[in-house]
Amino acid sequence: MQSERPNASSWILHHYPQSPVAQKIRFLLSLCDRPWWSVEIPRIPPKPLLMPLTANYRRTPVLQIGADVYCDSQNIACALAESGCAEAVFGGQAPGRVLAFAAWVEQTLFALSVRVVITEALETAPPEFVQDRGDLYFGPGWSAESLRKDQPTVALELHGQLAQLESMLATSPFLGGDRANLADAAAGSVVWFLAGRWSQGDACLAAFPRLLAMVAELEANNLPACGELSGEEALMIASQAQSESPMQLSAWAQALEYRLGSQVAVRPAGDSSDPDVIGQLRALTDQRISLDHWDPRVGDVVVHLPLPGYRVWSR
Ligand SMILES: N[C@@H](CCC(=O)N[C@@H](CS)C(=O)NCC(=O)O)C(=O)O
């Protein structure tokens, strides 16, 4: 346990317990074995103590290190690696290989899992939650009827995708090899989600003992947060810190006429209800989009998003 209070270099995770994508990062933080602080945020907007930090990015989780705000779990994984945990995050493998695998997990396995869980929750979850998640994951215009119609075939495909993971574990206890890395945290968080939130989760997962054993190892290694912070405290830490993240523009971005300091809007690629994240371009590389953002509650902060999976428009 860490007794002192967090400072500008502490890892602060903005999340809520039920979030599977946050669970991916909680698994990863445990692998990093370094202290982290927790701020619990609401499950649906408004998120008034998060928005000043993220320039409107609303998804979960978000990692704050002082006045640097890392959105999206892939980007958070890279930030943890850059902060001295590359070995834990990538396990000595090429980062691109591990990140590409984790992206496949999100786009395929997580997408199917969210569908089966939300479809089942159509009758039971609060209507505003269902509407919010439907718009977010399936795009405006989604219908409960087509979700219900597709449920068996989506559940069938999910089983097939999980079987691929199971086969990857035939020769090593972890997807990362002899020890767990981001690949395991990503896949493990989906298994955690299915087991905890889908009435057929256990039945579906029963065919995959190696996968279940891998997740049990991750859970046994759990490193809880060293303390809870309020949203206000996190804003205060940001307001007292200063980002030193570099200004940089890749040659390719320059050739495409992106300019540092210009105003841009950023959104996840694909059809979703995510709002635009707007700021002044501070960095644009193959890995990352960084925006200067100012808010009266925090002053100047830098919001970082990943480039893979996101779109950037000049405004
Ligand atoms: N690509 C994002 C996806 C994050 C995501 O969809 N998280 C869910 C929670 S598991 C979410 O944001 N739900 C809506 C919310 O929390 O407001 C990432 O990797 O972080």
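No hydrogens, no waters, no symmetry mates; every other heavy atom, side chains included, goes into these values. As the structure lists them, so they are numbered: ligands from 1, and atoms in each ligand from 1.
There is no side-chain donor-acceptor pair under 3.5 Å between Tyr57 and Asp274. Side-chain contact of Arg148 with Gln151: a donor-acceptor pair under 3.5 Å is absent, judged by distance alone. If you check the side chains of Asp300 and His293, you find no donor sitting under 3.5 Å from an acceptor.
For atom 7 (N) of ligand 1, the nearest non-hydrogen atom of the protein is Thr60 O, 2.8 Å. At the shortest separation from atom 9 (C) of ligand 1 among protein heavy atoms lies Tyr16 OH, 3.3 Å. Of the protein's non-hydrogen atoms, Tyr137 OH, 3.0 Å is the one closest to atom 8 (C) of ligand 1. When only non-hydrogen protein atoms are considered, atom 19 (O) of ligand 1 lies nearest to Ser73 OG, 2.5 Å. Nearest protein heavy-atom contact of atom 2 (C) of ligand 1 is Asp72 OD2, 3.3 Å.
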Considering only distance and modelled atom types, tabulate donor-acceptor pairs under 3.5 Å from the side chains of residues 164-175, sequence neighbours left out.
{"residue": "Gln164", "atom": "NE2", "partner": "Gln161", "partner atom": "OE1", "Å": "2.8"}
{"residue": "Glu166", "atom": "OE1", "partner": "Arg210", "partner atom": "N", "Å": "3.4"}
{"residue": "Glu166", "atom": "OE1", "partner": "Leu211", "partner atom": "N", "Å": "2.9"}
{"residue": "Glu166", "atom": "OE2", "partner": "Arg210", "partner atom": "N", "Å": "2.9"}
{"residue": "Ser167", "atom": "OG", "partner": "Gln164", "partner atom": "O", "Å": "2.9"}
{"residue": "Ser172", "atom": "OG", "partner": "Phe174", "partner atom": "O", "Å": "2.8"}

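Ser30 pairs by the side-chain hydrogen bond (donor to acceptor under 3.5 Å, both in side chains) definition with nothing, not counting sequence neighbours.
Remark: ligand 1 atoms within the under-4.0 Å shell around heavy atoms of Pro20 are 10 (S). Interface of Arg43 with ligand 1, defined as ligand atoms under 4.0 Å from a residue heavy atom, comprises 15 (C), 16 (O), 17 (O). Taking every heavy atom of Arg58 and a limit of under 4.0 angstrom, the matching atoms of ligand 1 come to 14 (C), 15 (C), 17 (O). Heavy-atom contacts of Leu136 reach the following atoms of ligand 1: 13 (N), 14 (C) (cutoff under 4.0 Å).
A pairwise comparison of heavy atoms in Asn56 and Met51 identifies CA-SD, 3.4 Å as the closest pair. Shown here for Ala88 and Leu31, the closest heavy-atom pair between the two residues is CB-O, 3.6 Å.
Using 4.0 Å as the threshold, Arg133 has a heavy atom nearer than that to some atom of ligand 1. The shell of residues lying under 4.0 angstrom from ligand 1, judged by heavy atoms, excludes Ile44.
Below 3.5 Å of separation, one finds no N or O of Ser19 facing any N or O of ligand 1. Here's the thing with Lys47: one of its N/O atoms is less than 3.5 angstrom from an N/O atom of ligand 1. At under 3.5 Å, a nitrogen or oxygen of Glu106, whether backbone or side chain, sits near a nitrogen or oxygen of ligand 1.
When non-hydrogen atoms are compared, ligand 1 lies under 4.0 Å from neither the backbone nor the side chain of Ile76.
Each of Asp276, Val277, Leu305 was evaluated against Arg267; a single residue qualifies, Asp276, per the side chain to side chain contact (heavy atoms under 4.5 Å, CB included) test.
Side-chain atoms of Thr285 and Gln248, non-hydrogen and from C-beta on, do get closer than 4.5 Å to each other.
With ring centers used as reference points, His14 lies 6.0 Å or more from Trp37.
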